[in-house]
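What follows is a set of notes on a single structure, which appears directly below.
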Amino acid sequence: ELAYPDRLNCAEVLLDQAVERWGEDRLCLITPGERWTYGQLRRRASQIAQVLTEDRGLVPGNRVLLRGPNNPWLVAAWFGVIKAGCVAVTTMPLLRGTEIRTLHELTRTSLALCDHRFVDDLHAGVPELPLLGYGSGDGEDLIRLCDGKSGEFTAAGTAADDVALLAPTSGTTGRPKATMHFHRDVLANADTFARYVLKPAEDEVFTGTPPLGFTFGLGGLVVFPFRFGAASLLLEKPGPDELVAAIAEHGATVLFTAPTAYKAILATGKASALPSLRRCVSAGEHLPAEVWAEFHRQTGLKIINGIGGTELLHIFISAADDDIRPGSTGRVVPGFEAVVLDDDGSPVPDGQPGRLAVCGPTGCRYLADPRQQVYVQDGWNITGDTYVRDADGYFWYQARNDDMIISAGYNIAGPEVEEALLAHPDVVEAAVVGAPDEHRGTIVMAFVVLRPGVDGDERTTERLQTFVKHAIAPYKYPREIEFVAELPRTVNGKLQRYLLRERART
Ligand code: 3SK
């Protein structure tokens, strides 16, 4: 049972209290070119809170959009916003203007703190949103404003169940939802999955690839290390070789990444040269048993496979220590409960497939969204995954039961890609499904009916792919396109998506 005081500011606990406990000079953030101590980060976060409240007149509850790759200023911005009692709206750096606009309209942000290199799409999407940039580049600069501040700021006296974070999730329809997380939720994830499964030591160095805009990254690279006085190695967009080199150079001990990246690390041929690694966490998509076995063979490490969700902030079912059955996702993390349900919402017997439902200290609340009633019932989050639980309590992944495509750890809503394709003048109809792929697990595959007279050749494929990459985040583009005369439909005109899925498998 987790107990937190009624008044709680998670940034104060994770940062200010860390400085009190471990001292100003303790290392907290490492990048290929920089090292920040807890004291430095606290000063920068406090200065940001001063800029927000003193210069920009923000008050507790105002929402601030954060946009940028994983680096110390993004972490300082996250802490500064929350220290000020404002709500951090974390976003994926790859989002394009229209996607940012949709999120802004949903979350009604008052200000954006954005890496200068990423302002163009933000500006194109929400030109009216006040913006402070940081890092190298032009525009009104957050760092310069911070330099004029004392760095003394007492964290806002928020309640434990005030919202600290709005974390967007793309949903199955492409219409994003924003999940609301309280100050206590942020700590609860560290006090469940991290405490009981990772059991971090104080001298740990966490690292990984997920953006901080994805709660898998935010937990693994910020919340968990800070909760245990450890350090985080931040890499902006590492390829496998860079990741491997950085782990070796900085002695990283805990790795968070998706199955695709574990495969890519194996492909570098250097997996066995990572002696500092102690724990490896995999989530975001299903980890094939062969990848687990090969990684174990080459490194001696047992990847901790887990499933989490933006809705519950982080991992709620996972393997732990030697309690690992390769190919299974593991057992419920202490503090959470999970059941497998049939179509009527009743638990199915062990060994039978059904829909996974989860309940825990982090809860699931969508901001102003009627889908709350569909996906959250009696406090249980009804996930989009089909699972089987065995008699020993291990959960075995079967499939997605919706239209979400998980490709290389990215959640991609098929209907959103369809919409992007349909905006092209040459496209008459489009349907998108996931197709199996050796490297990415699944790829986005589109079936497209073209306007009469347009050839379905390679040039058209490339044109459509480029078009989608410019319309929505580039990782969502269809890596394969098949041109068809018509899409399979029922007599009522309903798309028979399952036929396309079968076709994509062949
Ligand atoms: O996809 C997952 O498994 C996941 C894990 C941790 C945090 C968030 C998510 C979506």
Side-chain angles (χ1 to χ4, degrees), residues 70 90-92 165-172 176-181 185-194 196-198 206 208-225 227 254-262 279-288 291-292 303-320 328-333 335-336 338 356-358 360-366 375 381-387 395-402 404-413 434 440-442 475:
N70 292 359
T90 48
T91 64
M92 300 285 267
L165 175 70
L166 286 178
T169 166
S170 43
T172 53
K177 303 193 267 308
T179 61
M180 299 190 280
H181 299 287
D185 297 337
V186 175
L187 300 184
N189 268 133
D191 295 339
T192 51
F193 173 70
Y196 293 113
V197 178
L198 297 181
F206 287 66
T209 56
L212 304 186
F214 180 23
T215 58
F216 182 43
L218 184 68
L221 304 177
V222 178
V223 177
F224 301 167
R227 185 64 165 152
V254 186
L255 174 64
F256 279 77
T257 193
T260 317
Y262 285 107
R279 298 222 188 267
C280 294
V281 181
S282 174
E285 63 182 329
H286 177 61
L287 176 72
V291 177
W292 189 95
I303 297 178
I304 297 173
N305 186 23
I307 175 176
T310 306
E311 283 78 359
L312 287 115
L313 259 182
H314 219 273
I315 290 178
F316 45 75
I317 293 178
S318 95
S328 108
T329 312
R331 294 206 268 197
V332 183
V333 169
F336 289 86
L356 181 70
V358 191
T362 45
C364 173
R365 312 153 205 107
Y366 295 113
Y375 294 113
N381 174 224
I382 315 293
T383 73
D385 296 294
T386 302
Y387 261 87
F395 286 80
W396 298 81
Y397 174 77
Q398 309 295 303
R400 294 289 303 178
N401 45 18
D402 52 30
M404 182 70 77
I405 299 161
I406 302 183
S407 179
Y410 289 111
N411 285 355
I412 302 168
R440 305 179 75 83
T442 304
Y475 61 81

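Just so you know, residue 1 is the first one in the sequence shown, and it goes up from there. Whatever order the structure lists ligands and atoms in, that order sets their numbers, starting from 1.
Atoms of ligand 1 found under 4.0 Å from any heavy atom of Ile307, numbered from 1 in the order shown, are 3 (O). The His314 neighbourhood of ligand 1 comprises atoms 6 (C), 7 (C), with distances under 4.0 Å to a heavy atom of that residue. Within the listing of ligand 1, atoms 7 (C), 8 (C) sit less than 4.0 angstrom from a heavy atom of Thr215. Taking every non-hydrogen atom of Ala283 and a distance limit under 4.0 Å, the qualifying atoms of ligand 1 come out as 3 (O), 5 (C).
Under 3.5 Å, the side chains of Thr442 and Ser407 contain no donor-acceptor pair of N or O atoms.
For Leu313, the closest heavy-atom approach to ligand 1 falls below 4.0 Å.
Aromatic ring pairs are classed by plane angle as parallel below 30°, tilted from 30° to 60° and perpendicular above 60°; the pair Phe256 and Phe224 is tilted.
Distance from atom 4 (C) of ligand 1 to its nearest protein heavy atom, with residue and atom name: Gly308 C, 3.4 Å. Atom 1 (O) of ligand 1 has as its closest protein heavy atom Gly284 CA, 3.3 Å. Considering only non-hydrogen protein atoms, atom 10 (C) of ligand 1 sits nearest to Phe214 CE1, 3.3 Å.
Between Phe316 and Phe193, the ring centre distance reaches or exceeds 6.0 Å. Ring centroids of Tyr387 and Tyr397 are separated by less than 6.0 Å, placing the two rings close together.
With contacts defined as side-chain heavy-atom distances shorter than 4.5 Å, the pair Leu166/Thr179 does not qualify.
Remark: side-chain polar atoms of Asn305 are not paired, donor with acceptor, to backbone N or O of Gly330 under 3.5 angstrom.
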